[in-house]
Amino acid sequence: MSGLTLGVLIGPPVGGVLNDKLGFRAPFIFAICFCLLDLVGRFLVIEQKDVTRWASQNETGEAPIGNDAKAPPPEDSRKRTQLSLFRVIITLGRSKRAFVALVNSFIYGITFTATEPTLPLRLADLYGFTSTKVGIVYLATVVPSVFSTPITGWLGDRIGVEWITVACQMLSLPWWLVMIIRGPVALMVTSLALATFFLSGITTSLTTDLAAVSRQSEGIGYAHVFGAFNFAYSCASAVGPLIGGQVYARVPHGWTVIMGMLFGLILFSAILAAYGAGEKPIFDRLFRHSNMIMTSAATTLEAVPGNSQESNNQGASDEVEQMGVAPPQPEKGILPPPG
């Protein structure tokens, strides 16, 4: 994850400079060169099963040779049920905690991918920025996430991820509306940085929720968890740019509409997180606390002397006796006189 953050940090300003100085083909050539380096590095990686096979020795002390040689399985190995991607999604979706995490991951992806194609257009239309300046502004969306994710992870271990998820979403809400204002560049960059800082902090909480559910599900491991998270984010990446680009180009005041849409999505995500995020969701805590208060109040009222109907009647009889008047007796039935 650190490599991904570092790549997103370096990519926008480098791409902007290459586009301004060498033309629009330069960023693509630069990306192809890095992909080639990545491919060579993948060819050089030795998988764990190959390391185990070549490190193990037979009884003669010689290492096994050839692809037919099989290493003995580790002593603590256990059978795992092989599940497909969709089976993993369905299994995780049966858990309220994992379902909320997947939906929030999807909304998180839409929020960022919907602004990727529209933010450069907004900066160019409003401030006349070139691609180099737009790339520098994009640093405001990446640098905060470098610090927010470790901070929220540290806080989540101490107070619970349910509080962190809802707090980060609620704190990011107003800044999406501030970006609608046609103000100075400093206001735009500051609001963008704060919105990204708070919203990026939920990634650790989302993956923590998915990992917690995987430990309780048969056949699901940590690789499935990150695969499910990436699947939800990838689906959002396929939809977000289309929505953002079409709304900005075809709807009057498209930027305002996009910011309002993201505000509503994040608000819905916060409510959903309060319902099902974490081991003890916030709504469950509040309802349980209110029920305890009502039960305690009812118990207290019953224990106070003089609150029951019998005690009230007894108190009235005592007051009548003190006044010297005999308490009224219940009337007996009176038969009508014979005709």
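- Transitive grouping of hydrophobic side chains (ILVMFWY, heavy atoms separated by less than 4.5 Å) keeps Met261 and Leu242 in distinct clusters.
- A distance of 4.5 Å separates OG1 of Thr118 from CH2 of Trp255, quoted to the nearest 0.5 Å.
- A heavy-atom distance below 4.5 Å is not found between the side chains of Phe283 and Val166.
- Using a 4.5 Å cut-off between side-chain heavy atoms of Ile, Leu, Val, Met, Phe, Trp and Tyr, with links allowed through other members, Tyr233 and Ile202 fall into the same hydrophobic cluster.
- Residues Lys133 and Val137 fail the side-chain proximity criterion, which asks for heavy atoms closer than 4.5 Å.
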Full working for side-chain contact (heavy atoms from CB on, under 4.5 Å) between Cys168 and Ile164: CA-CA 6 Å; Cys168 287; Ile164 298 300; 3.9 Å; yes
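- Grouping the Ile, Leu, Val, Met, Phe, Trp and Tyr side chains by contacts below 4.5 angstrom, directly or via other members, places Leu206 with Leu262.
- In plain terms, the two heavy atoms of Ala236 and Pro241 that are nearest each other are O-CD, 4.1 Å.
- Minimum interatomic distance between Ser105 and Ala101 (heavy atoms only, all atoms of both residues): OG-O, 2.7 Å.
- Not counting sequence neighbours, Thr111 has no partner by the side chain to side chain donor-acceptor pair (under 3.5 Å) test.
- Thr196 places no side-chain N or O within donor-acceptor distance of the main-chain N or O of Ala193, the cut-off being under 3.5 Å.
- Taking all atoms of both residues into account, the shortest heavy-atom contact from Leu22 to Ala26 is CB-CB, 3.6 Å.
- Remark: the Thr152 side chain and the Thr204 side chain contain an N/O donor-acceptor pair separated by less than 3.5 Å.
- Between Leu102 and Leu210, the closest side-chain pair of non-hydrogen atoms falls below 4.5 Å.
- Within the structure, the ring pair (Phe, Tyr, Trp, His ring centres under 6.0 Å) test picks out the following pairs touching residues 15-47 (sequence neighbours left out): Phe30-Phe34.
- The NZ atom of Lys96 sits 4.5 Å away from atom OH of Tyr275, with the distance rounded to the nearest 0.5 Å.
- By the neighbour-count criterion of 12 heavy atoms within 6.0 Å, atom CZ of Phe112 is densely surrounded, having more than that number from other residues, nucleotides or ligands.
- For Arg42, the side chain to side chain donor-acceptor pair (under 3.5 Å) partners at least two apart in sequence or on another chain are Asp38.
- Atoms CG and CD, from Asp284 and Glu279 in turn, are 11.5 Å apart once rounded to the nearest 0.5 Å.
- Remark: side-chain polar atoms of Thr190 are not paired, donor with acceptor, to backbone N or O of Leu187 under 3.5 angstrom.
- We find the CZ-OG distance between Phe197 and Ser172 to be 11.5 Å, quoted to the nearest 0.5 Å.
- A distance of 12.5 Å separates CG in Leu194 from CG in Leu199, rounded to the nearest 0.5 Å.
- The backbone N or O of Gly15 sits nowhere less than 3.5 Å from a side-chain atom of Asn19 that would complete a donor-acceptor pair.
- With contacts defined as side-chain heavy-atom distances shorter than 4.5 Å, the pair Thr115/Met259 qualifies.
- Atoms CD1 and CG, from Ile32 and Leu37 in turn, are 12.5 Å apart once rounded to the nearest 0.5 Å.
- Grouping the Ile, Leu, Val, Met, Phe, Trp and Tyr side chains by contacts below 4.5 angstrom, directly or via other members, places Leu265 with Phe268.
- What you find for Ala277 and Val100 is that their closest heavy atoms are N-CG1, 4.2 Å.
- Using a 4.5 Å heavy-atom threshold, the side chains of Ile258 and Arg122 count as separate.
- Minimum interatomic distance between Ser269 and Gln169 (heavy atoms only, all atoms of both residues): OG-NE2, 2.7 Å.
- Taking all atoms of both residues into account, the shortest heavy-atom contact from Ile159 to Trp163 is O-CD1, 3.1 Å.
- Under the 4.5 Å side-chain heavy-atom criterion for grouping Ile, Leu, Val, Met, Phe, Trp and Tyr, Leu267 is connected to Ile110 within one hydrophobic cluster.
- Using a 4.5 Å heavy-atom threshold, the side chains of Leu119 and Leu192 count as touching.
- In this structure, the side chains of Arg158 and Leu155 stay at 4.5 Å or more apart for every pair of heavy atoms.
- The closest side-chain heavy-atom distance from Trp175 to Met179 is not below 4.5 Å.
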